[in-house]
Structures are given as C-alpha cells and as structure tokens.
Engineer: 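Just passing along the structure, written as structure tokens.
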Amino acid sequence: MRYWLMKSEPDDCSIDDLARRPGSTVPWYGVRNYQARNLMRDQMQVGDAVFFYHSSCPQPGIAGIARVSSPAYPDATQFDPASPYHDPKSTPEAPRWLNVDVQFVRKTPLVPLAELRSHTELANMRVLARANRLSITPVDPAEWRFITRELMGLDNDGI
DNA sequence: GCCAACGTTGGC
DNA sequence: GCCAACGTTGGC
C-alpha cells in the first residue's frame, strides 16, 4: 500500500463535502497534469491511503484522511463541453485524462502547511518542495506515520 | 492582488 | 528540437 497527498480547493470540495457525498466518495476529476495523471494510472491502487489537503484557501493544510476506492478510469468531464475541464482534443476512443475515486475515512485536526514546514522529520516531503505544483504527491511511510501519530494523535496510521 | 515557478503551446 | 510567450498554481 502506498500513501498520497491530494490537493482540493475546499470551495470546490472540502473534507466535509466528501463526507456528505453518496457513499462518501468522489471522482477525483479535473486533473490536467500528465505527471499527476500518470501517478493515478501507474502507481495508485485501491486501498491506498490519502491525506486530503485543502489548498488555495485561508488555512491551507491537511484536513483529513481518505482512501483510493477505484482504479483510474476516464474522467467524464473531459468530454463535457459545459465543463471547465472540457478537453476538445480528447476522445472517448483515446481518452487523455483519468481519475480515481476517493472515499472519506476521517476528518482530522487541521495540520497547517506552516506546521508541516516546521518539522525536520518532514523536510523532504514532496508537497513542501519549492514551487511544487503537483496536485497529487507521494508521501513516504515514515512521513505518514509521523503526521498521523505525532501531529494528529492517531493510532494505526489513522486508517 | 501579487508574483515566483513551472508546464504547455506553437512558431520557426 | 529549441525556446519565447502564455497560462496556471497556490502561498502570501
């Protein structure tokens, strides 16, 4: 099992929005970056653990835990002309963009970005790398353990 | 609203 | 294949 951090703008879908959805599940649509797409396609597996991160908001940080609940499949929004994520160059025969489904596990105390940055144990976290723009980044098991145990006070990796 | 940094596009 | 211009991300 792998660990991930996935960014979502809470105005669009917050951890509370995820918890309220049918089946507590949301398709992680709208990824339009090849690196992030390839991570979903090639590396993610059902059951992988996810930090749900709130970005572009007053209090950026990790707001909860989720799990990957489907393999990658074509992102429906790429074919929808009314969607902001519409991609006219993509076709159902050769879909360019994929998404996985993500399921709610728990809400956690918010771990602000500034706090993540303050811990030497997390100095190499991908999401903290200078000018990181990937909306999906891998998390090392040791980083996951540190955050869930020491910063959130959770046992069993919080999952 | 600003701006740094990066990915993508498209002309050549 | 190079690279300038442009668009986007996302913290502050």
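The chains referred to below are lettered A, B, ... by the order of the sequence lines, with proteins before strands, and numbering in each begins at 1. Quick note: numbers below take in every heavy atom, side chains included, and nothing from hydrogens, waters or symmetry partners.
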Engineer: Given atom CG of A/L113 and atom P of C/dG10, what is their separation to the nearest angstrom?
Structural biologist: 11 Å
Engineer: Check the distance between C/dG10's C1' and A/R126's CZ and give it to me in whole angstrom.
Structural biologist: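 Those two atoms, CZ and C1', are 17 Å apart.
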Engineer: Can you label the angle between the A/W28 ring and the A/F52 ring as parallel, tilted or perpendicular, going by 30° and 60°?
Structural biologist: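 Perpendicular, since the angle between the ring planes exceeds 60°.
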Engineer: Would you say the side chain of A/R133 and the base of C/dT8 hold a donor-acceptor pair, judged only by whether the two atoms sit under 3.5 Å apart?
Structural biologist: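 Pair found.
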Engineer: Just the rounded figure in Å: distance from C1' of C/dG11 to CZ of A/R117.
Structural biologist: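 A/R117 atom CZ is separated from C/dG11 atom C1' by 8 Å.
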Engineer: Closest to the A/Y53 side chain: C/dG11, B/dG7, B/dA5?
Structural biologist: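 Nearest listed nucleotide: C/dG11.
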Engineer: Taking the minimum atom-to-atom distance to the side chain of A/S55, which one of B/dG7, C/dG10, B/dA5 wins?
Structural biologist: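 It is C/dG10.
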Engineer: Going by an N to O cut-off under 4.0 Å, is there a salt bridge joining A/D87 and A/R96?
Structural biologist: yes
Engineer: Starting from the 5' end of DNA chain B, give me the residue, A/N132 or A/R96, whose nearest nucleotide shows up first.
Structural biologist: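 Looking at DNA chain B, the more 5' nearest nucleotide goes with A/N132.
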Engineer: By nearest atom, which of the nucleotides B/dC6, B/dT8, C/dG10 is closest to the A/Y34 side chain?
Structural biologist: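 The nucleotide sitting nearest to the side chain is B/dT8.
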Engineer: Side chains of A/S90 and A/Q78: is there a donor and an acceptor less than 3.5 Å apart?
Structural biologist: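 A/Q78 and A/S90 do have a side-chain donor-acceptor pair below 3.5 Å.
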Engineer: When you measure from the side-chain N and O atoms of A/K7 to the phosphate of C/dG10, is any distance below 4.0 Å, counting only OP1 and OP2?
Structural biologist: yes
Engineer: Can you tell me how far P of B/dT8 sits from CH2 of A/W97, to the nearest Å?
Structural biologist: 7 Å
Engineer: What's the closest nucleotide to the A/K89 side chain, out of B/dG7, B/dC6, B/dT9?
Structural biologist: B/dT9
Engineer: Is there side-chain contact between A/D17 and A/D11, with heavy atoms separated by less than 4.5 Å?
Structural biologist: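 No - every pair of side-chain heavy atoms lies 4.5 Å or more apart.
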Engineer: Starting at atom OH of A/Y85, determine the distance to atom C1' of C/dT8, rounded to an integer number of angstrom.
Structural biologist: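 Computing the A/Y85:OH to C/dT8:C1' distance gives 12 Å.
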Engineer: Whole angstroms only, please: what is the CZ-P distance between A/R130 and C/dG11?
Structural biologist: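 Roughly 16 Å, once rounded to whole Å.
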Engineer: Rounded to whole Å, please give me the gap between CG in A/L134 and P in C/dT9.
Structural biologist: 12 Å
Engineer: Calculate the interatomic distance between A/Q35 atom CD and B/dT8 atom C1'; express it in whole Å.
Structural biologist: 13 Å
Engineer: Answer yes if the side chains of A/D48 and A/Y3 hold a donor-acceptor pair under 3.5 Å, and no otherwise.
Structural biologist: no
